[in-house]
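Before any comments, here is the structure.
No experiment lies behind these values; they were computed from the predicted model shown. Hydrogens, waters and symmetry mates play no part in the numbers below; they use all other heavy atoms, side chains included. Quick note: residue numbers are just sequence positions, from 1.
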Amino acid sequence: MDTSNPAAFVNAEFLKQHVGRRVRAVVQVMQSDGDKVIGKSTDEQQLVVKGYPPSPLSTFVEVIGIADTPQSIQAETWTNFGDTFDVTSFDKVCRLANGDSKHLFI
């Protein structure tokens, strides 16, 4: 595993703490407009993901990229996660990774 440039686990709440840094998030795709996706984060807030997503796009996608604003990510990597996903568990991972247990995450 390459640990030279880790991506922090974020939901919309934690994205604002990582502006300018590499992040990873899972979003539920609400709208896709070619070069951006408007989605719902695992904490039920809206996020904008910029870049060119794969086609076809599944309901849930993981994006890894740079948090360029408190509400948006410039995606480097898109991964389709299918049409069902346990958003509650991923949201708990985000909370652990940004809370008292963050030392356990790269």
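- Listed here is the closest heavy atom pair of H18 and A67: O-CB, 3.4 Å.
- Partners of V93 under the side chain to side chain contact (heavy atoms under 4.5 Å, CB included) rule, at least two apart in sequence or in another chain, are F9, F105.
- For the pair N80 and P54, the tightest heavy-atom approach, listed with the atom from each and the gap, is ND2-CG, 4.1 Å.
- Residue V87 forms a side-chain contact (heavy atoms from CB on, under 4.5 Å) with just one option from V26, N11, T42, and that option is T42.
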Only distances under 3.5 Å count here; give the side-chain donor-acceptor pairs of residues 32-40 to other protein atoms, sequence neighbours excluded, each with its distance to 0.1 Å.
unit_1 : atom_1 : unit_2 : atom_2 : d
D33    : OD1    : Q31    : NE2    : 3.2
D33    : OD2    : Q31    : NE2    : 3.0
K40    : NZ     : E44    : OE1    : 3.4

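- Residues passing the side chain to side chain contact (heavy atoms under 4.5 Å, CB included) test with P56: none are found, sequence neighbours excluded.
- Atoms CD1 and CD1, from I64 and I73 in turn, are 10.0 Å apart once rounded to the nearest 0.5 Å.
- F90 and V61 are not part of a single hydrophobic cluster, where members link through side-chain heavy atoms under 4.5 Å apart.
- When all heavy atoms of V19 and P70 are compared, the pair lying nearest together is CG2-N, 3.8 Å.
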Stepwise side-chain contact (heavy atoms from CB on, under 4.5 Å) check, L15 with V10: CA-CA 6 Å; L15 184 65; V10 297; 4.0 Å; yes
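- Applying the salt bridge (charged side-chain N to carboxylate O under 4.0 Å, His left out) rule to D68 yields the partners K50; only residues at least two apart in sequence or on another chain are considered.
- Listed by first then second residue, pairs satisfying salt bridge (charged side-chain N to carboxylate O under 4.0 Å, His left out) with a partner in residues 57-66 read R24-E62, not counting sequence neighbours.
- For D91, the salt bridge (charged side-chain N to carboxylate O under 4.0 Å, His left out) partners at least two apart in sequence or on another chain are R95.
- For residues 75-90, the pairs satisfying salt bridge (charged side-chain N to carboxylate O under 4.0 Å, His left out) are R22-E76, with sequence neighbours left out.
- Connection of F60 to W78 is not established within any shared hydrophobic cluster, with ILVMFWY side chains joined at heavy-atom distances below 4.5 Å, either directly or through further cluster members.
- Closest approach of V49 to A75, counting heavy atoms only: CG1-CB, 3.7 Å.
- Not counting sequence neighbours, the partners of F81 by the ring-ring contact (aromatic ring centres under 6.0 Å, His included) test are F85.
- With hydrogens and angles disregarded, no donor-acceptor distance shorter than 3.5 Å links the side chain of S101 to the backbone of L104.
- Residue I66 shares its hydrophobic cluster (ILVMFWY side chains chained together at separations under 4.5 Å) with no other residue.
- By the side chain to side chain contact (heavy atoms under 4.5 Å, CB included) test, A12 pairs with S41, D43, Q45, L47, sequence neighbours left out.
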Pair N98-Q17, side-chain contact (heavy atoms from CB on, under 4.5 Å): steps then yes or no: CA-CA 9 Å; N98 288 278; Q17 297 172 10; 4.3 Å; yes
